[in-house]
Amino acid sequence: MTLAVFFGCTFIAFGPALGLFLFTVLRDPLRIIILIAGAFFWLVSLLLSSLVWFIAVKASDPGDEPLQKGLLIFGVLFSVLLQEAFRFLYYKLLRKAIEGLVALSEDGCSPISIQQMAYVAGLGFGLMSGAFSMINLLVDALGPGTVGIHGDSQLYFLTSAFMTMVMIFLHTFWGILFFHGCETQRWWEMAAVILTHLIVSGSTFWNPLYVGSLVPSYLLMFATAAWAYVLSGGCTQNLLQSLRGQQSETSPQPGS
């Protein structure tokens, strides 16, 4: 049973992201480099936020429960803001990289567009975030032990896997929206990314009432996915037709 939980949660959490990596990133060495660098930037943001959290906890009274709750809220807020700050720094770095690639190319064009960089960088952020969210849980899923034996929810591993999957997708879409906002100087798009990131992270305080975190997270994921699709050049009409389960049909022309 523990192996079934382990592999099931692994494929739920990382299966869709692995598919994106295999079909859209793996064949391009430049995209692999951008993805790994994006994962590294997220990792550095985690390291710094963890350091601040560690100092704050050590400097506070562990017996003061309201203070500890306040520090937890502060930790989530600080971590989200730091992640988005590093996303902005990574955008600046990639923008400089594009200028260098254009200068080195023979035709004066970059081999990769900023939209593609945004997608790959966001996927790198999401994969590293998902890895740190699930790695310890997957180790525990191998046993020994039984989930919920003391009256806790038996859906802990399953809901954690679904939450990891949605966070990977959200980071991917946030990358597209954030980079587009930086390129067009639409600061409200960047603010929307930060706000939705705070909402999703804050919704986890509803746990173990998992409906309170999963439902709004998935609703925001679908909304940001549609938004990223339109900003990437997708047709709104095609999106609406796909949501309605319709396909555009063309009538045969006379004489054709």
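What you see below is based on every heavy atom in this structure, not just the backbone, and it leaves out hydrogens, waters and symmetry mates. Not measured: the values here are computed from a predicted model. Along the sequence shown, the residues carry numbers beginning at 1.
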To check you understand the geometry: which heavy-atom pair defines the closest contact between Leu71 and Ala56, and what is its length? CD1-O, 3.8 Å

Grouping I, L, V, M, F, W and Y whenever their side-chain heavy atoms are under 4.5 Å apart, do Trp206 and Leu170 come out in a common cluster? no

What are the two closest non-hydrogen atoms of Leu158 and Cys9, and how far apart are they? N-SG, 4.1 Å

Check: Leu77 and Leu198 side chains under 4.5 Å, non-hydrogen atoms: yes

Donor-acceptor contact below 3.5 Å, side chain Tyr210 vs main chain Ser160: no

Atom pair CG (Leu43) and CD1 (Ile36), whose distance is rounded to the nearest 0.5 Å: 12.5 Å

Looking at Ile168, is its backbone amide N or carbonyl O close enough to the side chain of Thr172 to form a donor-acceptor pair, meaning the two atoms are under 3.5 Å apart? yes

Taking the side chain as everything from C-beta on, heavy atoms only, tell me whether Leu138 gets closer than 4.5 Å to Phe14. yes

Indicate yes or no: at least one non-hydrogen side-chain atom of Thr224 is less than 4.5 angstrom from one of Phe169. no

Indicate yes or no: at least one non-hydrogen side-chain atom of Leu231 is less than 4.5 angstrom from one of Glu189. yes

What about Tyr156 and Val211, same hydrophobic cluster or not, with Ile/Leu/Val/Met/Phe/Trp/Tyr joined at side-chain heavy-atom distances under 4.5 Å? no

Can you find a heavy atom in the side chain of Leu89 that is under 4.5 Å from one in the side chain of Lys92? no

Euclidean distance, Ser113 OG relative to Ile98 CD1, rounded to 0.5 Å: 7.5 Å

Phe179 side chain near Arg87 side chain, heavy-atom distance below 4.5 Å: yes

Looking only at non-hydrogen atoms, find the nearest pair between Ser203 and Ser213 and report the distance. O-CB, 3.3 Å

Is the shortest heavy-atom distance from the side chain of Met165 to the side chain of Tyr218 under 4.5 Å? yes

dist Leu127:CG -> Phe21:CZ (nearest 0.5 Å) comes out at 8.0 Å

Hey, does the side chain of Arg31 reach the backbone of Val120 with a donor-acceptor pair shorter than 3.5 angstrom? no

Students often mix this up, so state it plainly: with edges at 30° and 60°, are the rings of His171 and Trp42 parallel, tilted or perpendicular? perpendicular

Euclidean distance, Phe125 CZ relative to Phe40 CZ, rounded to 0.5 Å: 11.0 Å

From His197 atom NE2 to Gln83 atom CD, the distance as rounded to the nearest 0.5 Å: 4.5 Å

Go through it in stages, so that I can follow the logic: the residues are Arg186 and Leu177, the test is side chain to side chain contact (heavy atoms under 4.5 Å, CB included), and I'd like the CA-CA distance, side-chain angles, deciding distance and then a yes or no. CA-CA 10 Å; Arg186 295 179 180 178; Leu177 299 178; over 6 Å; no

If hydrophobic clusters are built by linking Ile, Leu, Val, Met, Phe, Trp and Tyr wherever their side-chain heavy atoms come under 4.5 Å apart, do Val193 and Leu46 end up in the same one? yes

Should Ile176 and Val80 be regarded as members of a common hydrophobic cluster, given that ILVMFWY residues are connected when their side-chain heavy atoms come within less than 4.5 Å of each other, either directly or indirectly? no

Step by step, would you call Leu72 with Trp53 a side chain to side chain contact (heavy atoms under 4.5 Å, CB included)? CA-CA 8 Å; Leu72 182 60; Trp53 165 256; 4.2 Å; yes

For Phe54, does the CZ atom have more than 12 heavy-atom neighbours from other residues, nucleotides or ligands under 6.0 Å away? no

Rounded to the nearest 0.5 Å, how far apart are CD1 of Ile12 and CZ of Phe157? 13.0 Å

Heavy-atom pair with the smallest gap, counting every atom of Val52 and Phe74: CG1-CE2, 4.1 Å

Considering all heavy atoms, the nearest Gln116-Ile112 contact: OE1-CG1, 3.2 Å

Worked verdict on Trp174 versus Val200 for side chain to side chain contact (heavy atoms under 4.5 Å, CB included): CA-CA 12 Å; Trp174 284 333; Val200 172; 4.3 Å; yes

Heavy-atom donor-acceptor pair, Ser133 side chain to Ser129 backbone, under 3.5 Å: yes

Hey, are Glu99 and Arg95 close enough for a salt bridge, meaning a charged N less than 4.0 Å from a carboxylate O? no

Does a donor on one side chain and an acceptor on the other come within less than 3.5 Å for Tyr119 and Ser232? no

Under a 4.5 Å side-chain heavy-atom rule over Ile, Leu, Val, Met, Phe, Trp and Tyr, are Tyr91 and Leu93 clustered together? yes

Is the backbone of Ser201 close enough, under 3.5 Å, to the side chain of Thr204 for a donor and an acceptor to pair up by distance? yes

Please report the C-alpha distance between Tyr90 and Ile34 in whole Å, then the side-chain angles of each, then the deciding distance to 0.1 Å, and finally whether the side chain to side chain contact (heavy atoms under 4.5 Å, CB included) criterion is met. CA-CA 10 Å; Tyr90 193 40; Ile34 295 173; 3.4 Å; yes

Least distance between heavy atoms, Pro111 atom then Leu30 atom: CG-CD2, 4.1 Å

Contact check, side chains of Leu195 and Ile199, non-hydrogen atoms, under 4.5 Å: yes

